[in-house]
Amino acid sequence: MNRTLTIIKPDAFGSGKAGRIIAHLEGAGFRVVAARVMHLTTSQAQEFYGVHRERPFYGSLVSFMTSGQCMPMVLERADAVAELRRVIGATDPAQAEEGTVRRLYAESKERNAIHASDSDDNAARESRFFFAETELIANA
Ligand code: CMP
């Protein structure tokens, strides 16, 4: 078993899709270890997406991620990082496979419903960004 970090983004949370997305993830074998509903500040979004600072879409991404509430969650299952990326599909919903979370629920390449960590190291870093160590060991 290992863990990854996901965020149900403001487009999906604000349009009432969080429940269906969580059910989809649980149906794919993920267990929710930690979860919260929050409204990111600009500095939190800038820091979380700091790796994209030089990209042309950075400002717009930060605006979108601070446009409403979102739902960060730590998920657990075997091969969690790779499996979650497979289950959510490509960044652009138009390119995402049939039946993936983004194909089902995302609006566009930016407003793409859900985030998933891209490596075990980033999963650990991103989980600590949102959750205290005590929240993460509670279900270990
Ligand atoms: P995410 O998996 O959270 O990681 C970075 C985010 O930037 C991505 O999902 C999208 O929301 C956004 N993104 C990536 N590429 C583009 C793009 N070309 N145009 C707009 N937004 C993008």
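Note that ligands are numbered from 1 as they come in the structure, with each ligand's atoms numbered from 1 the same way. Just so you know, residue 1 is the first one in the sequence shown, and it goes up from there. Predicted, not measured: the structure shown is a model, and the values here were computed from it.
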Response to the item:
of all protein heavy atoms, closest to atom 4 (O) of ligand 1 is Tyr49 CE2, 3.7 Å
Item to complete: With heavy atoms only and a cut-off of under 4.0 Å, state how Phe64 meets ligand 1: side chain, backbone, both or neither.
Response: neither
Item to complete: Using distance alone, decide if ligand 1 has a nitrogen or oxygen within less than 3.5 Å of any nitrogen or oxygen in Arg111.
Response: no
Item to complete: Output the distance between atom OG1 (Thr91) and atom CD1 (Ile114), rounded to the nearest 0.5 Å.
Response: 12.0 Å
Worksheet item: Once you round to the nearest 0.5 Å, how far does OG1 of Thr41 lie from CE of Met65?
Response: 11.5 Å
Worksheet item: For ligand 1, which atoms sit closer than 4.0 Å to a heavy atom of Leu61?
Response: 6 (C), 7 (O), 11 (O), 12 (C)
Discussion item. Can you tell me how far apart OG1 (Thr100) and CZ (Arg103) are? Round to the nearest 0.5 Å.
Written reply: 7.0 Å
Response to the item:
The closest protein heavy-atom partner of atom 10 (C) of ligand 1 is Lys109 O, 3.3 Å
Discussion item. Students should be able to answer this: which protein heavy-atom is nearest to atom 17 (C) of ligand 1, and at what distance?
Written reply: Phe57 CD2, 3.5 Å
Discussion item. Would you call the rings of Phe57 and His52 parallel, tilted or perpendicular, taking 30° and 60° as the class edges?
Written reply: tilted
Item to complete: Run the salt-bridge test on Arg77 and Glu83 with the 4.0 Å N-O cut-off and return the result as yes or no.
Response: yes
Worksheet item: Got a salt bridge between Glu135 and Arg36, using NZ or NE/NH1/NH2 to carboxylate O under 4.0 Å?
Response: yes
Worksheet item: Considering Lys9, His115, Glu110, which one's heavy-atom position lies nearest to atom 8 (C) of ligand 1?
Response: Lys9
Worksheet, complete the sentence: If you scan protein heavy atoms around atom 2 (O) of ligand 1, the nearest is Arg102 NH2, 3.2 Å
Worksheet item: Where do Leu40 and Cys70 land on the side-chain contact (heavy atoms from CB on, under 4.5 Å) test, with the steps shown first?
Response: CA-CA 8 Å; Leu40 288 176; Cys70 67; 4.0 Å; yes
Worksheet item: Which one holds for His52 and ligand 1: side chain close, backbone close, both close, or neither close, with close meaning a heavy atom under 4.0 Å?
Response: side chain
